[in-house]
Every structure is written in C-alpha cells, then in structure tokens.
Amino acid sequence: MTARWPRAVSPLLWAFVLLSAVHLGALLAGVLPVVQITKPALMPVLVGYALARGGPPLLAGALLFGCGGDTFLQIGGDVAFLVGMGSFAAGHVCYLLLFARYGAAPAGGRRGRTAAAGAAYAVLLAGTVVLLWPDLPAELRIPVAGYSLLLTAMAFGALRAGPWAAVGGLLFLLSDTLIASRIAHWPQLPVPQFWIMLTYVAAQWALADGVRRSIATAPWSTPRREGELRTAGAP
C-alpha cells in the first residue's frame, strides 16, 4: 500500500516525536498547562502520519478513539474515567478488526506457540484482576475487569500482526495496568504519569507501525500489485 502524502511523512513523524518529547518533559517538570494541551494532540498527529504511510481508515479510528480516551481521562472523576475507558475499548475493537483483516493466522509449528502465548495472556489477565479487585472502588471493579479482558484480547490478537504490533500490545497492557494500580492506590514509581504516558505513546506507535507493516507484507499484497501493473500495461 503506497503512501498517500509521501512529502508529509517525515514532517509528521518528527512532529509526533517532538510533541511526545514535549509532553513527557512537561510531565517530568510538572508543567500542567503544557501537559493538558499536548496530551489530546498526540494521537491526531500520529493519525496523520499513519495515513501518510498508507494506513487504513480503521487504524485512524483506533488512534482517534485513543485521543478520546486521553481527553476524558484528563477531566477526572468516575464518569469521565468510564467514558474514557469506553473510548479506549472502542479503539481496541478497531485493532482487533485490523488484526483479523490484515494479520496472519498461525500455521504449522506456530500454533503451539500461539496457544502457549494465549495461556500466558490468560494467566496474566486473571492474576492482574484478582490482585487489583480488593483495592479497586466497588463501582469500578466490573468495568475495569471487562475492559481488562478486551485489552488482553487486543494484546493477544496483536501477535497476528507481527513483532512490532505484539510489543505495542504488551506496552498497552503495561500502561493501563499502571493506571489501574494508581486507582487501587498501590505504591507508585516517581512521577507515575510519566511512565504511563511513555508506555502508552510507545504502544500506540508500535501498534500503528505493526499494522502498517502487516498490510505491506500480507500475502495478497504482492499479487494484487502485480495484477494492477499488468492491467496498467495492457494495450
């Protein structure tokens, strides 16, 4: 899949890197106005870059739902948290659809490894929910458990889209687990929001790039391009 706006690729990439650095630096420095301005802008810039590299509209939707989650989580309060979590959940559904459409199903010897990975993700999900459950506010236990199930399914599904996407899924799991640990009032690393956003930004980048790579290397992509070339060269 070719880039739609090739001249925009490099500037958009650098804009995303710079904006991420400014946001993370503002978190470390405690400059709240800069944090609040830059956070909702991160994913729209990544959307521009993803589309410029030929990413599908569904990928843009996944990232924009992330922007919605970022925005609502900044507001604070249980209602905004639940709306933000719902927006992230919609993004995970978009990712699952992308993995199903463009990912590669495990074959041969990979099936055993995929089954083992699935068991590992299931154990990780169960262990995290069990540990968090007593310390979560009662009204958030069920929503957090349901969201965790969807998030883990997305991370597992990312295995179909290659190593970059798989790393992105794991980083998203880590980022949201850090958020849940804050809600549960567990001991935190210094400047906890910095680590949450560092892993989140890296996760979205890796997922977006992993999906793009998966599309570019899909088995049907080369024959389709060859067919297009033959058609274009026909008298």
Side-chain angles (χ1 to χ4, degrees), residues 8-53 55 59-60 62-92 95 128 131-132 135-137 140 144 147-148 151 154-155 164-165 167-210:
V9 170
S10 184
L12 285 168
L13 172 60
W14 284 109
F16 177 70
V17 171
L18 178 60
L19 188 63
S20 299
V22 170
H23 178 74
L24 294 171
L27 284 170
L28 288 174
V31 186
L32 187 59
V34 176
V35 170
Q36 292 175 331
I37 291 170
T38 54
K39 186 176 182 181
L42 288 165
M43 291 305 108
V45 176
L46 185 55
V47 166
Y49 172 74
L51 292 177
R53 294 298 303 269
L59 176 57
L63 296 171
L64 289 176
F65 278 123
C67 175
D70 293 338
T71 302
F72 279 102
L73 260 59
Q74 281 201 142
I75 295 173
D78 287 352
V79 174
F81 176 80
L82 289 172
V83 174
M85 188 166 61
S87 189
F88 281 124
H92 297 328
Y95 277 128
T128 302
L131 290 172
L132 284 169
D135 298 323
L136 290 171
L140 294 180
V144 168
Y147 174 81
S148 298
L151 171 61
M154 184 279 292
W164 273 110
V167 169
L170 284 171
L171 286 171
F172 220 130
L173 271 175
L174 176 57
S175 180
D176 281 5
T177 301
L178 290 173
I179 293 175
S181 73
R182 291 193 73 189
I183 297 171
H185 302 292
W186 286 8
Q188 299 291 301
L189 294 168
V191 197
Q193 194 63 27
F194 170 83
W195 302 106
I196 290 170
M197 288 304 299
L198 176 64
T199 50
Y200 167 71
V201 169
Q204 292 281 38
W205 161 262
L207 284 166
D209 202 52

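Between the CG atom in Leu42 and the SG atom in Cys67 there is a gap of 8.5 Å [rounded to 0.5 Å]. Annotation: the span from Leu13 atom CG to Leu18 atom CG amounts to 11.0 Å, rounded to 0.5 Å. Here CG of Leu136 is found 10.0 Å from OG of Ser181. Values are rounded to the nearest 0.5 Å. Taken to the nearest 0.5 Å, the CZ atom of Phe172 stands 9.5 Å off from the OG1 atom of Thr199. Going from atom CE of Met197 over to atom CG of Leu178 covers 12.0 Å, rounded to the nearest 0.5 Å. For the atom pair CD (Gln193) and NE2 (His23), the distance works out to 6.5 Å, reported to the nearest 0.5 Å.
Nearest heavy atoms, Leu12 versus Ala52: CD1-CB, 4.0 Å. What you find for Leu132 and Ala180 is that their closest heavy atoms are CD1-CB, 3.6 Å. Nearest heavy atoms, Ile183 versus Phe81: CD1-CZ, 3.1 Å. Taking every heavy atom of both residues into account, Val191 and Leu27 meet most closely at CG1-O, 3.6 Å. Heavy atoms only, all atoms of each residue included: Ala155 and Leu173 are closest at CB-CD1, 3.7 Å.
Remark: Phe72 CZ is loosely packed, at most 12 non-hydrogen atoms of other residues, nucleotides or ligands lying under 6.0 Å away. More than 12 non-hydrogen atoms from other residues, nucleotides or ligands lie less than 6.0 angstrom from CH2 of Trp186.
A heavy-atom distance below 4.5 Å is found between the side chains of Leu140 and Leu82. Contact annotation: the side chain of Asp70 never approaches that of Gln74 to less than 4.5 Å [non-hydrogen atoms, C-beta and beyond]. Under the 4.5 Å side-chain criterion, counting only non-hydrogen atoms from C-beta, Tyr200 is not in contact with Ile179. A heavy-atom distance below 4.5 Å is not found between the side chains of Trp195 and Gln188.
Using a 30° and 60° split on the angle between ring planes, Phe16 and Trp205 fall in the parallel class, below 30°.
Ser148 places a side-chain N or O within donor-acceptor distance of the main-chain N or O of Val144, the cut-off being under 3.5 Å.
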